[in-house]
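Taking it in order: structure first as structure tokens, then the write-up.
Treat the numbers as computed from the prediction; the structure is a model and nothing was measured. All residue numbers refer to positions in the sequence shown, counting from 1. Heavy-atom basis, side chains included; hydrogens, waters and symmetry copies ignored. Remember, it's 1-based here, ligands and their atoms both numbered in the order they're listed.
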Amino acid sequence: MRIDVLTLFPDMFTSPLNYSILKRAQESGLVEIVLSNIRDFAIGRYRQVDDKPYGGGPGMVMMCQPVFECYEHLLNESSQPGRTILLTPQGRPFDQNLAMELSREQRLILIAGRYEGFDERIRTGLGAEQISIGDYVLSGGELPAMVMIDAVVRLLEGALGDEDSAEDDSFREGLLEYPQYTRPEVYRGMTVPEILLSGDHARIAAWRKARSIERTKRWRPDLME
Ligand code: ADE
């Protein structure tokens with residue numbers, strides 16, 4: 001998979017992309033993440049990327065020209081087809097199902113905005129879909145892009161050390177994950193449920209399923225529908 005990110009702040013990505021699963025996935029060639037600075041495509045003495053909104057109002061709006069030219073440059077660099085996504089609070093809510101859907105794509109082109117928003121012609125002209133990571137407003141699309149990249153890349157086959165570990169993730173079957181324990185058996189008087197020490201795999205699986213349902217009902221009743 002190739003993931004292109006168009007941003008005014010590519011350096012924000014370097015640390016999150018260089019640890020653990022994301023780092024390994026890039027090193028092993030499972031994913032290539034290409035960061036492009038939109039400002040490199042801006043023209044004029046001030047390399048302007050934003051301007052005042054037509055019709056008045058507060059804040060600044062991201063201009064078409066640098067985004068379109070950055071985008072076209074990336075299409076010339078690789079003709080691999082893919083999905084073009086604007087990160088915006090107005091978008092389709094991002095969830096595990098959408099992460100799984102996106103993990104099956106060959107290429108994602110993520111456009112992270114700043115300021116009050118994008119010139120509408122960026123969305124319409126590039127045929128971009130919009131995705132939001134939640135009902136709150138962040139100061140830009142960079143953190144949402146990183147959240148999406150993390151959620152998608154760990155689903156690529158071979159990204160996780162233990163092949164099975166995405167299978168049991170929370171939300172995988174629309175349920176929260178069951179409780180986990182590791183050594184020691186007793187810590188400060190707190191014990192591990194007997195059944196997990198029993199070695200009876202069928203009973204353990206049934207116990208885990210029941211705990212998943214129980215905690216989903218209690219903590220996320222909205223998921224139970
Ligand atoms: N940009 C600003 N806030 C955002 C959000 N919640 N999701 C996606 N992009 C955003």
Worksheet item: Between Val5 and Val34, is a side chain to side chain contact (heavy atoms under 4.5 Å, CB included) present by the stated rule, with each step listed?
Response: CA-CA 6 Å; Val5 185; Val34 181; over 6 Å; no

Worksheet, complete the sentence: On a heavy-atom basis, the closest approach of Pro66 and Gln48 is CG-O, 3.9 Å

Fill in: Basic-acidic side-chain contact under 4.0 Å: Glu101, Arg83
yes

Practice prompt. Quick one: list whatever passes ring pair (Phe, Tyr, Trp, His ring centres under 6.0 Å) with Tyr178, sequence neighbours left out.
Written response: none

Discussion item. Given 3.5 Å as the limit, does a donor-acceptor pair link the side chain of Glu173 with the main chain of Leu175, or not?
Written reply: no

Report each N/O pair between ligand 1 and the protein that falls under 3.5 Å, naming both atoms.
from: ligand 1; atom 1: 3 (N); to: Leu138; atom 2: N; distance (Å): 3.0
from: ligand 1; atom 1: 6 (N); to: Gly134; atom 2: O; distance (Å): 3.1
from: ligand 1; atom 1: 6 (N); to: Tyr136; atom 2: O; distance (Å): 2.8
from: ligand 1; atom 1: 7 (N); to: Ile133; atom 2: N; distance (Å): 3.0
from: ligand 1; atom 1: 9 (N); to: Thr88; atom 2: N; distance (Å): 3.1

Worksheet item: Is Asp40 paired with Arg47 through a side-chain N to carboxylate O contact shorter than 4.0 Å?
Response: no

